[in-house]
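Just so it is clear: chains get the letters A, B, ... in the order the sequence lines come, proteins before strands, and each one is counted from 1. FYI, side chains are in, hydrogens and waters are out, and symmetry mates aren't considered; it's all heavy atoms of this structure.
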Amino acid sequence: MTDLLEVVFSATFLITVIRASTPLLFATLGGLISDLGGALNVALEGMMLIAALTAVVVSVYAPWYVGVVAGMGAGAALGAIMALFHLRYKADVILVGFAVNILAAGGTVFALSLATGGDKGTSINLQSKAIPSIDIPAFEGIPVLNFFTGHSALSWLAALSVAGIWYFLYRTPRGMWLRGVGEYPAAPEAAGIGVNAVRAWSLVASGALAGLGGAQLAMFNYIGFTRDMTAGRGFIALGAVLLGARHPVGAMLAALLFGLFEALSIVMPGIFSWIPGELVQTIPFVVTLLALILFSYRTQRAERTLS
Amino acid sequence: MTDPILKATGITRIYPGGTVANDGVNLTVRPGEVHAVVGENGAGKSTLMKVLFGLEKPDAGSLTVNGQKVDFTGPKDAIEAGIGMVFQHFSLVPSFSVYENVVLGSEPAKGISFDRAKAIATVRELSQKFRLTVDPLPAVRRLPVGQQQRVEILKALYRDAQILILDEPTAVLAPQEVEELFTAIRALTAQGRTVIFIAHKLPEVLEISDRITVMRGGKTVGEVETKDVDESSLAAMMVGREVSLRVDRAATTGERALEVKNLRLVAGNGVTLADDLTLNVHHGEILGLVGVEGNGQAELLEAIAGLRPVAGGSLTLQGTPLDELTVLERRDRGLASIPEDRIAQGLATGASVAENLAATRLDDPRFVRRGILNLKGIRDNAVALIDRFSIRVGGPDVDVGTLSGGNMQKVVVARELSEQPQILLVNQPTRGVDLGATQFIWKSITDARDGGAAVLLSSADLQELLALSDRLVVFYRGRIVAAFVNHAELTSETLGAYMLGIETQTPEAMAGAMR
Ligand SMILES: Nc1ncnc2c1ncn2[C@@H]1O[C@H](COP(=O)(O)OP(=O)(O)OP(=O)(O)O)[C@@H](O)[C@H]1O
Ligand SMILES: [Mg+2]
């Protein structure tokens, strides 16, 4: 037990948590924006996967940041395609989302084998680049301050995004439009706001954020692409949106919670050999279920008190 | 004569599906006037307004505003041309505050941020200028409908609307709120704004408007000065025949059908909604529940229907305690209910007319055989009811949601009264319903009564209660404060004094009217 506590309170463990949380946080923010706009993006998983591969392949030939931007662009483009089918051709947004996911699962394997010359499992023989971590030597070894060093550049960007998205949603007119469109589209429509345009942009932004998550996953958490490497993170993100009470700060806390359990599942089997890592990894799902039940129970009670 | 501020010529709008909602409609509105548009349900009034506001594109015809020809591609263009609209069904974001709703779409900004302080100040200023008192801060879902409507009007005024379209604004208002709305409308025209006003209640139209355009079956049938017409001539223009809204009293009353004894109802948060309610309803009579909305009448109806738990006292239906019965079992015993909100409680708007008409009787072998829907039976039933209740609709397969308000209400009435009920609960049966349909619905209710139903009727319209009820009880703060046997001398003023708690009846007088 003391072993576990020692590990958990070490700076390296914290870094592991942040690392595990970052892709999830991007995806959760993407899910949040689309959900608030009323066109829930269930394609986060597929977008992350395609973005991860794009980022890896581009980074072989270009600097790391170009790879990241390419991943983000791939996500945004997929968001635009979803918007086209959902808003212009009136297809159901959930169906379009699943189409993207299915396309991503098969398409990435196919594209990977083209890019690697036949390898359908990993991009191990590609010289892809990594996102640098931001190390602050002066903080090293100093308690508390050492928590702030050694994170991916994108982790910092993710934290900034939380603040930025919060400001956008609750302090700017366009954020108000987005929330209004998601809650009651007839109102913004009557006020002369282009409801479809707002939804289209929310899907593009959602895709771009998921794309950043994919880039972090394949250029920091792991270096290189592996088939199905997102492993359900895009779906966990959808749960995290609700668990985070559809608020950016809540989204961050939810992503951190899932990141914590992912990190635990990495370290715990090393300490307690009798606990399978897979079991620890199921904990966040159980927690989400319980949290969602509790959450809906509370909103129901609040509604009853109102009426 | 002044030049018109708005002129619509030959407007035609055909909905996909083939309904000709507007067929060469003309409308001329002069600056500074209150111009009423009247007509039966489905006459095409809302469609014409949506065309004026850029929400529907006309298939033919032209619009001019201030003498300039305009061609709206969306509400944005109409707003820019100085037109504002308050819809029959409000368009407010429920969780947003009053001021957020008012400025949504053209927010004051400071840099990239939304300037809240300025928005709040502007809303305060506007609400003072036009005598539309409302607190800018609370979320709109916490406000009563009358206040929500003011928010809608403020929204239009914030965009500097010179022409304000109000589509059936009074349908959702209590009588005092109507007076407040009229005060605001007068303040608006006094400051040079123009108002287009739609309503079904002719006394309201005659009180507030300067000129009236009458529509029937998608066409304009006339334009008159308000001072040249009275209620009956206007009604005849609208319907194309004489209408009378007279109803016969019950001939005889039968046995006691429903007993309510010391009933107590409590909201989820512990607040008492109604207390110590005791009354009886007999077969073959209509008992009117009088009261300002929110004084316990609607809650009593919900409790009888089985939609609200009972906190104390008893409800007995023909000798059986009701509280042991589920909603379905109550319906099996002949309980029928015409609820207050036809869209939220009365109908499934995404389903067809035929489906809605069969939805409450899925144990009927005509509609379901061996667990499988009998589509032909459901259709035949709908065809018969559409004819019997003269519902104006393209056919049984049309979505209920596309019907005009009055015709939606007729679908609910048709379903509930297609078989003779034992107990009939009715709440706001003719809200937003035209004269002809009102006459028809009243007749359907009295027919059910004459067939032996015990009817409980609640309505915000005192004239309706006085016209239909055989006996009346008045609710005030969740208690019954007065009871009357209806007679020709009973007036809405008398009822009003009890409704507002100004007068109370002696227990003896009350007992005299309690059978
Ligand atoms: N979106 C729609 N699609 C198809 N038909 C429609 C639609 N909206 C209205 N209609 C039809 O057009 C006709 C005119 O409807 P409209 O709503 O303009 O009537 P109205 O005069 O406003 O009636 P009410 O007094 O009941 O509000 C009706 O027959 C209605 O069923
Ligand atoms: Mg209408």
Within residues 160-170 of chain A or reaching into it, pairs that qualify as salt bridge (charged side-chain N to carboxylate O under 4.0 Å, His left out) - sequence neighbours excluded: none

Taking side chain as everything from C-beta outward and backbone as N, CA, C, O, which of these in [X] sits under 4.5 Å from a heavy atom of chain A? Side chain, backbone, both or neither.
{"X": "B:Val103", "answer": "side chain"}
{"X": "B:Glu100", "answer": "both"}
{"X": "B:Leu104", "answer": "both"}
{"X": "B:Phe90", "answer": "backbone"}

Contact list (residues 154-162 of chain B to chain A, heavy-atom gap under 4.5 Å, by number) returns B:Lys155, B:Arg159

Let's test your reading of the structure: which of B:Pro75, B:Ser106, B:Pro94 forms the most heavy-atom pairs below 4.5 Å with chain A? B:Pro94

In terms of heavy-atom pairs under 4.5 Å with chain A, the winner among B:Gly74, B:Gly105, B:Ala109 is B:Gly105

Determine which residues belonging to residues 154-175 of chain A lie within contact range of chain B, meaning some heavy atom pair is under 4.5 Å apart, and list them by number or answer 'none'. A:Tyr167, A:Tyr170, A:Arg171, A:Thr172, A:Pro173

Heavy atoms under 4.5 Å from chain B: which residues of residues 183-203 of chain A carry them? A:Glu183, A:Tyr184, A:Ala186, A:Ala187, A:Pro188, A:Glu189, A:Ala190, A:Ala191, A:Gly192, A:Ile193

Which value, rounded to the nearest 0.5 Å, describes the distance between B:Phe96 atom CZ and A:Arg179 atom CZ? 4.0 Å

Can you tell me if A:Phe148 has over 12 outside heavy atoms packed within less than 6.0 Å of its CZ? no

